[in-house]
Asker: 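This is the structure I have questions about; it appears just below.
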Amino acid sequence: MAADRRIVIENCSIATVDAHDTEYPSGHVVIAGNRIESLGAGRAPEGLENVDRRIDATGHLVTPGLVNTHHHYYQWITRGLATDHNLFDWLVALYPTWARIDEQMVYAAAQGSLAMMARGGVTTAMDHHYVFPAGSGDLSGAIIRAARETGVRFTLARGSMDRSEKDGGLPPDFAVETLEGALAATEATVEEHHDSSFDAITQVAVAPCSPFSVSTELLREGAELARRLGVRLHTHGSETVEEEQFCKELFGMGPTDYFESTGWLGEDVWMAHCVHMNDSDIAAFARTRTGVAHCPSSNARLAAGIARVPDMLAAGVPVGLGVDGTASNESGELHTELRNALLINRLGAHREAALNARQALRLGTYGGAQVLGRAAETGSLEAGKLADLVLWKLDTLAHASIADPVTALVLGAAAPVTASFVNGRQIVEDGRLLHVDEDEIARSTREQAQRLARIAGH
């Protein structure tokens with residue numbers, strides 16, 4: 001939409017998730033081009049020019065779009081397998097299948113993952129892709145193409161693995177890259193696809209998979225590469241007790257100390273899970289402003305434990321939410337993580353004081369933008385920020401009797417998305433995606449899941 005063309009949204013509740021948690025029981029938002037021009041209480045100002053559309057959002061809550069900070073799209077076509085395993089056993093069970101993916105499968109899986117998130121209010125997504133079998137095609141390009149077609153803002157965390165079974169790792173030998181090959185391919189992906197501009201649709205991060213699937217050299221040189229290129233760093237960290245034991249046995253220290261020794265703590269880094277963190281670990285993350293992608297459903301599915309999110313937030317650690325791969329969170333939706341983050345953390349030491357509904361919404365919006373390095377552009381509704389926002393319908397049977405709209409969104413049933421905008425462009429209307437065919441994606445993902453199962457010998 002041209003910069004001087006406007007969309008006016010009125011008569012809605014608004015949760016801005018700004019620094020003051022400003023809310024309007026009945027307010028307006030004006031979009032001009034790809035930016036939020038203004039917002040506030042009551043009706044929009046009179047006399048606005050070049051208004052292409054007015055939306056009467058009575059019965060709706062408007063929030064920033066949700067921001068997903070950790071995912072593995074390729075897993076869309078291996079959902080429902082190894083359902084009673086812990087992390088290491090789950091990886092051992094599935095790596096032989098994942099090692100046989102190709103470009104066609106990855107594209108279909110990315111379409112399915114992105115479609116499910118976008119129709120549920122995600123406007124900024126990411127994918128941590130680290131499985132690159134030899135001869136499998138342009139997997140990074142396929143994922144980025146699917147994201148552009150869906151219409152979301154997107155970060156590709158270009159992953160890598162160079163520690164296979166013969167080196168004491170978990171992946172099959174033919175599923176990993178060499179150190180030199182991984183670094184070269186990652187640099188090429190950044191050079192080809194990363195956009196550092198304010199309103200960038202596609203960005204790339206450097207993302208070796210995990211301490212138990214990459215060498216120390218790949219971690220250290222990956223960090224150096226990311227900082228030379230000016231992009232962010234992402235990996236898995238402190239997900240399970242077994243990982244902590246692995247690090248102590250192999251490196252003589254716990255995961256956080258190991259990461260610090262390889263250059264992997266800093267305000268340009270975010271890590272997935274961080275379930276098993278002691279006070280010293282949390283203090284190190286807070287001191288260095290290292291971010292965390294909290295994945296409550298996956299942590300529960302794989303029996304990893306309960307992350308100390310309240311303690312992280314109290315210490316000043318940036319925390320966002322993640323779906324994680326859909327082989328460990330079969331729903332593939334981020335808006336359900338708002339509820340699960342609140343409920344699961346209340347089972348921990350802080351009980352009912354762990355998180356409230358507004359903190360959960362902040363994790364899923366501004367917190368996510370923080371850990372992706374995009375809090376200046378998105379994650380809250382403020383004049384001058386990018387027009388990434390969602391209209392949640394809260395006047396139906398599922399929510400109408402809940403007086404507080406934020407409580408309704410977080411603790412109620414999954415709320416329907418009437419409209420979702422990314423960069424001022426609408427991508428969802430009445431719960432349906434506007435730019436891709438959901439039914440065709442469902443058919444394609446089913447076919448590719450069956451094809452992978454045949455190739456893997458299931």
Asker: Would you list the atom pairs, donor with acceptor, under 3.5 Å between side chains in residues 304-317 and any protein atom, with sequence neighbours excluded?
Answerer:
{"residue": "R308", "atom": "NE", "partner": "D311", "partner atom": "OD2", "Å": "2.9"}
{"residue": "R308", "atom": "NH1", "partner": "M277", "partner atom": "O", "Å": "3.0"}
{"residue": "R308", "atom": "NH1", "partner": "D279", "partner atom": "OD1", "Å": "3.2"}
{"residue": "R308", "atom": "NH2", "partner": "D279", "partner atom": "OD1", "Å": "2.7"}
{"residue": "R308", "atom": "NH2", "partner": "D311", "partner atom": "OD2", "Å": "3.2"}
{"residue": "D311", "atom": "OD1", "partner": "H350", "partner atom": "NE2", "Å": "2.7"}

Asker: Test of understanding: with side-chain contact (heavy atoms from CB on, under 4.5 Å), list the residues that count as partners of R425, not counting sequence neighbours.
Answerer: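 For R425 the side-chain contact (heavy atoms from CB on, under 4.5 Å) partners, ignoring immediate neighbours, are H435.
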Asker: Among all residues two or more places apart in sequence or in another chain, which pass the ring-ring contact (aromatic ring centres under 6.0 Å, His included) test with F198?
Answerer: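 Residues passing ring-ring contact (aromatic ring centres under 6.0 Å, His included) with F198: none at all.
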Asker: Residues two or more places apart in sequence or in another chain: which of them pass salt bridge (Lys or Arg N to Asp or Glu O under 4.0 Å) with E244?
Answerer: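 Counting only residues at least two positions away or on another chain, E244 forms a salt bridge (Lys or Arg N to Asp or Glu O under 4.0 Å) with K248.
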Asker: Thinking salt bridges, do D268 and R227 make one under a 4.0 Å N-O criterion?
Answerer: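 Salt bridge: yes.
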Asker: Sequence neighbours left out, what pairs pass salt bridge (charged side-chain N to carboxylate O under 4.0 Å, His left out) with at least one residue falling in residues 155-175?
Answerer: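 The answer is R158-E177.
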Asker: Using side-chain contact (heavy atoms from CB on, under 4.5 Å) as the criterion, point out the one residue from L302, V275, D324, N68 that pairs with C295.
Answerer: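 One option only clears the test, and that one is D324.
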Asker: Does D21 come within less than 4.0 Å of R362, counting only side-chain N to carboxylate O?
Answerer: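 Answer for the salt bridge query: yes.
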Asker: Just to verify, what does H234 make a ring-ring contact (aromatic ring centres under 6.0 Å, His included) with, not counting sequence neighbours?
Answerer: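 H70, H128, W270.
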Asker: With sequence neighbours left out, which residue pairs that include part of residues 281-290 fulfil the salt bridge (charged side-chain N to carboxylate O under 4.0 Å, His left out) condition?
Answerer: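 Residue pairs with at least one partner in residues 281-290: E260-R287.
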Asker: Please enumerate all residues that pass side-chain hydrogen bond (donor to acceptor under 3.5 Å, both in side chains) together with T262, with sequence neighbours excluded.
Answerer: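 By the side-chain hydrogen bond (donor to acceptor under 3.5 Å, both in side chains) rule, T262 matches no residue at all.
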Asker: Can a side-chain donor-acceptor contact be found between T378 and K385 if the only test is distance below 3.5 angstrom?
Answerer: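 Note: K385 and T378 side chains miss the donor-acceptor criterion.
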Asker: Going by salt bridge (charged side-chain N to carboxylate O under 4.0 Å, His left out), name the pairs with one or both residues in residues 99-117, residues two or more places apart or in two chains.
Answerer: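 Every pair satisfying salt bridge (charged side-chain N to carboxylate O under 4.0 Å, His left out) with a residue in residues 99-117: D102-R451.
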Asker: How would you list, by chain and number, every residue that makes a ring-ring contact (aromatic ring centres under 6.0 Å, His included) with Y74, sequence neighbours excluded?
Answerer: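 Residues passing ring-ring contact (aromatic ring centres under 6.0 Å, His included) with Y74: W98, H129, Y130.
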Asker: Which heavy atom of H71 sits nearest to which heavy atom of T326, and what is that distance?
Answerer: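 Taking H71 first and T326 second, the nearest heavy atoms are CE1-CG2, 3.8 Å.
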Asker: What are the two closest heavy atoms between C274 and F285, and how far apart are they?
Answerer: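 Minimum heavy-atom separation between C274 and F285: SG-CE2, 3.8 Å.
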Asker: If a pair satisfies side-chain hydrogen bond (donor to acceptor under 3.5 Å, both in side chains) and one of its residues is in residues 179-189, list it, with sequence neighbours excluded.
Answerer: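 Pairs touching residues 179-189 that pass the test: E187-R228.
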Asker: Can you see which heavy atom on G121 is nearest to which on V417, and at what distance?
Answerer: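 Answer, listing the atom of G121 first, then V417: N-CG2, 3.9 Å.
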Asker: Could you work out, with side-chain hydrogen bond (donor to acceptor under 3.5 Å, both in side chains) as the rule, every residue matching R119, not counting sequence neighbours?
Answerer: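 side-chain hydrogen bond (donor to acceptor under 3.5 Å, both in side chains) check on R119 returns E438.
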